[in-house]
There are 2 protein chains.
Amino acid sequence: MAAAGKRPTIADVARLAGVSPSAVSFAFNNRPGLSDETRARILSAAERVGWQPSRTARALSRGRAGALGLVLTREPELIGADPFFSTFIAGVESVLTARGHGLMLNVAAPAQEAATYRRLAADRRVDGVLITDLRVGDPRPALVTALRMPAVVVGDREFCGGLCSVDLDDRPAFAEAVDHLARLGHRRIAHVAGPAEFRHAQRRREAWAAALTAAGLPQGPVLTGGFSAEGGARATRELLALTPRPTAVVYANDLSAIAGIAVAQEAGFAVPGDLSVVGYDDTPLAAYTHPRLTTARADIHRWGAVAAQTLHTVIERGTAPHVALDPSTLTLRESTGPAPGR
Amino acid sequence: MAAAGKRPTIADVARLAGVSPSAVSFAFNNRPGLSDETRARILSAAERVGWQPSRTARALSRGRAGALGLVLTREPELIGADPFFSTFIAGVESVLTARGHGLMLNVAAPAQEAATYRRLAADRRVDGVLITDLRVGDPRPALVTALRMPAVVVGDREFCGGLCSVDLDDRPAFAEAVDHLARLGHRRIAHVAGPAEFRHAQRRREAWAAALTAAGLPQGPVLTGGFSAEGGARATRELLALTPRPTAVVYANDLSAIAGIAVAQEAGFAVPGDLSVVGYDDTPLAAYTHPRLTTARADIHRWGAVAAQTLHTVIERGTAPHVALDPSTLTLRESTGPAPGR
DNA sequence: GCCGCTGACTAAAGCGGTTTATCTGACCGC
DNA sequence: GCGGTCAGATAAACCGCTTTAGTCAGCGGC
């Protein structure tokens with residue numbers, strides 16, 4: 001039915017149901033002022049012609065876009081290699097879809113990040129944005145505030161500049177990791193950090209350092225691996241050249257850890273015999289390296305869902321409480337073992 | 001300036017420039033019928049109040065959303081592990097951003113895939129969609145055609161049901177791989193395939209089989225690795241248990257190949273001494289495994305850009321020519337070597 | 001001096017909904 | 001019999017821009 005013609009509008013439905021367009025609108029927005037009988041008649045008429053309110057029209061008259069924005073500022077390579085985003089986005093979608101909302105994705109080169117947010121705000125194409133990968137001295141909280149754009153920071157509560165945050169603490173996992181290594185007899189535990197500008201990379205590093213102190217161990221060497229395979233490899237090479245050599249390395253993420261394992265093996269070191277390795281993320285691949293990678297797992301999907309949920313609250317109520325999700329936990333596998341000579 | 005108040009509208013600009021709203025519209029849409037002087041005055045007035053046409057309003061009156069849609073139907077885990085999507089999306093964005101368009105991302109569970117497309121069409125929130133991960137007997141080409149929704153298939157031209165396609169041929173890479181292995185003396189070359197329902201997985205398998213025939217070799221064993229680490233690992237275990245054991249495996253993608261290497265090593269086989277391994281994708285990690293992975297690289301970013309470009313053409317002109325991008329090429333590394341005993 | 005034309009610009013009608021103010025009876029109490 | 005209330009429904013304004021159909025002044029031609 002409904003053949004080829006134009007798409008039906010609210011007027012068609014109104015005509016068919018023998019009411020005014022406003023009545024149809026009321027019916028579809030669950031507003032009072034309509035008898036149950038009329039309401040039912042309208043809904044069935046709409047169904048008969050296959051009508052659904054146009055998002056665009058609704059967006060215009062309500063001033064709401066019905067969509068959230070997510071701007072990814074990482075280098076494309078890093079985004080791709082990181083399982084975080086897709087899982088996170090899937091989580092976000094799970095709550096958006098339920099509401100019939102959409103997700104506007106933007107991949108921006110760092111240089112035009114601000115412009116991207118401005119455009120999003122100017123276009124009014126989204127009702128709010130999620131801010132991920134919070135950086136040290138990040139300009140975005142101030143920017144979205146200035147743009148009067150509802151936003152939620154996905155990450156550290158302390159640095160979200162007055163915005164609401166949804167955080168998942170990665171520190172306990174790093175503390176656990178160091179603790180685990182210390183108990184295995186390691187005394188020289190290095191860290192291969194993420195890009196220094198990322199707040200979460202910094203936090204991981206701090207957690208590692210604090211855990212060393214707590215375990216009564218000296219601070220170990222820190223190198224930057226940039227969250228990438230290449231960076232992890234380079235850092236690992238440098239660490240292996242040190243004297244004394246560290247016997248364990250805590251990497252900021254799995255990608256650099258996996259590369260680290262490869263480099264160590266290539267250089268003739270046994271993992272974990274000569275070098276214990278810990279990652280972070282629990283990439284699908286982590287359980288399928290040789291040896292299998294000790295790493296930490298978090299519920300990223302839920303993180304995305306809660307972030308979206310919270311952003312909705314901010315959009316509707318203007319504000320929302322900070323949320324702290326269950327911290328990630330360490331999964332022990334075979335890339336960690338007793339310190340050599342013990 | 002412009003202080004807190006409401007966002008300026010076209011009327012504000014018109015008033016400031018001393019013209020009618022239509023004149024402003026004309027100025028911003030590069031239409032004739034305005035003197036250069038007036039045009040300039042309008043533009044400067046707009047700049048002064050920081051006005052930009054509202055996307056939503058424009059979308060409503062022009063009947064164009066100014067956005068493209070991308071529905072990902074894979075399992076979230078697979079999406080995350082695959083560097084394809086983020087790179088592809090970055091490529092898409094590169095042309096969208098230039099036009100001030102947006103990308104509407106949808107992650108759908110397989111069961112509600114059709115519903116997602118219908119919603120996208122009903123909402124008129126996108127002007128067209130990109131169809132990736134074409135499956136065997138894929139219902140989507142017919143679906144979007146029925147929904148009268150402009151679409152471009154990212155993949156195989158033969159199975160795109162009358163839609164325009166943008167393809168990047170992966171067969172040459174698989175042919176190269178088999179050829180390379182044959183030249184190294186391998187005679188039992190297995191394949192760990194992607195999910196059978198994916199057209200590109202099937203095509204890779206066919207390319208592998210054809211290359212074996214061309215090299216005068218018998219068909220080798222085929223197992224499904226599902227593009228995942230876990231699947232790759234399981235398939236590899238089975239292959240290693242065969243008698244006679246294959247001496248080389250061509251995996252459908254890097255993820256399963258990397259897992260395969262780990263499993264082989266775990267089982268005491270040397271790579272490439274006992275088993276040569278080839279992947280596909282050239283994941284960032286491929287150059288940082290031990291041994292480094294022989295795999296194939298394609299220009300995914302460009303693929304995304306061209307796909308978006310093409311979809312725009314389809315939206316505007318109703319159709320566009322099929323596009324064939326440069327096929328991927330094999331990168332030789334150390335995971336492939338002479339067949340054992342040779 | 002009248003006509004037709006053209007270039008520059010505007011008024012007003014959409015686009016497809018939402019929302020506010022208004023209208024219409026029916027019902028109620030006195 | 002009359003004012004008041006209220007549920008049920010509607011007309012009309014509005015969201016902010018695009019676009020079509022004019023309007024109007026100026027100008028050349030005859």
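All values derive from a computational prediction rather than experimental measurement. Numbered from 1 within each chain, the chains take letters A, B, ... in sequence-line order.
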Next item on the list: List in numerical order all residues of residues 31-44 of chain B for which some heavy atom is under 4.0 Å away from an atom belonging to DNA chain D.
Entry: B:Arg31
Check: Which part of the nucleic acid, if any, lies within contact of B:Thr9, taking any heavy atom under 4.0 Å across all strands shown: a base, the sugar-phosphate backbone alone, or nothing?
Finding: sugar-phosphate
Next item on the list: Step through the shown structure and confirm whether more than 12 heavy atoms of other residues, nucleotides or ligands are within 6.0 Å of CZ on A:Arg302.
Entry: no
Margin query: Starting the side chain at C-beta, find the nucleotide from D:dA11, D:dC17, C:dA12 nearest to B:Ser22.
Written below: C:dA12
Checklist line | Qualifying residue for side chain to side chain contact (heavy atoms under 4.5 Å, CB included) with A:Leu70, from A:Leu105, A:Val129, A:Val92, A:Leu311 | finding: A:Leu105
Margin query: Reading DNA chain C from 5' onward, which residue's closest nucleotide shows up sooner: B:Gly18 or B:Ala57?
Written below: B:Gly18
Margin query: Given D:dT10, C:dG16, C:dT10, identify the nucleotide with an atom nearest to the side chain of B:Val19.
Written below: C:dT10
Margin query: One thing to verify: whether A:Glu316 and A:Arg99 come together as a salt bridge, which I'm taking to mean a side-chain N less than 4.0 angstrom from a carboxylate O.
Written below: yes
Notebook entry, point to check: Hey, which of these two, A:Ser25 or B:Ser61, hits DNA chain C nearer its 5' end, going by closest nucleotide?
Noted result: B:Ser61
Checklist line | Between C1' of C:dG16 and CH2 of A:Trp51, the distance in whole Å | finding: 9 Å
Check: How is A:Val24 classified with respect to the nucleic acid when contacts are heavy atoms under 4.0 Å: base, sugar-phosphate, or nothing?
Finding: nothing
Notebook entry, point to check: Any chance the side chains of B:Ser25 and B:Ser22 put a donor and an acceptor closer than 3.5 Å?
Noted result: no
Margin query: So A:Phe28, base contact, sugar-phosphate only, or nothing? Heavy-atom distance under 4.0 Å.
Written below: nothing
Check: When the C1' atoms of the five terminal pairs at each end define the local axes, what inter-axis angle does the helix from C:dG1-D:dC30 to C:dC30-D:dG1 show, to 10 degrees?
Finding: 60°
Item checked: Lys/Arg-Asp/Glu bridge criterion (N-O < 4.0 Å) met for A:Arg157, A:Asp167 -> no
Notebook entry, point to check: Looking only at heavy atoms, what is the nearest atom pair of A:His322 and A:Leu163, with distance?
Noted result: CE1-O, 3.4 Å
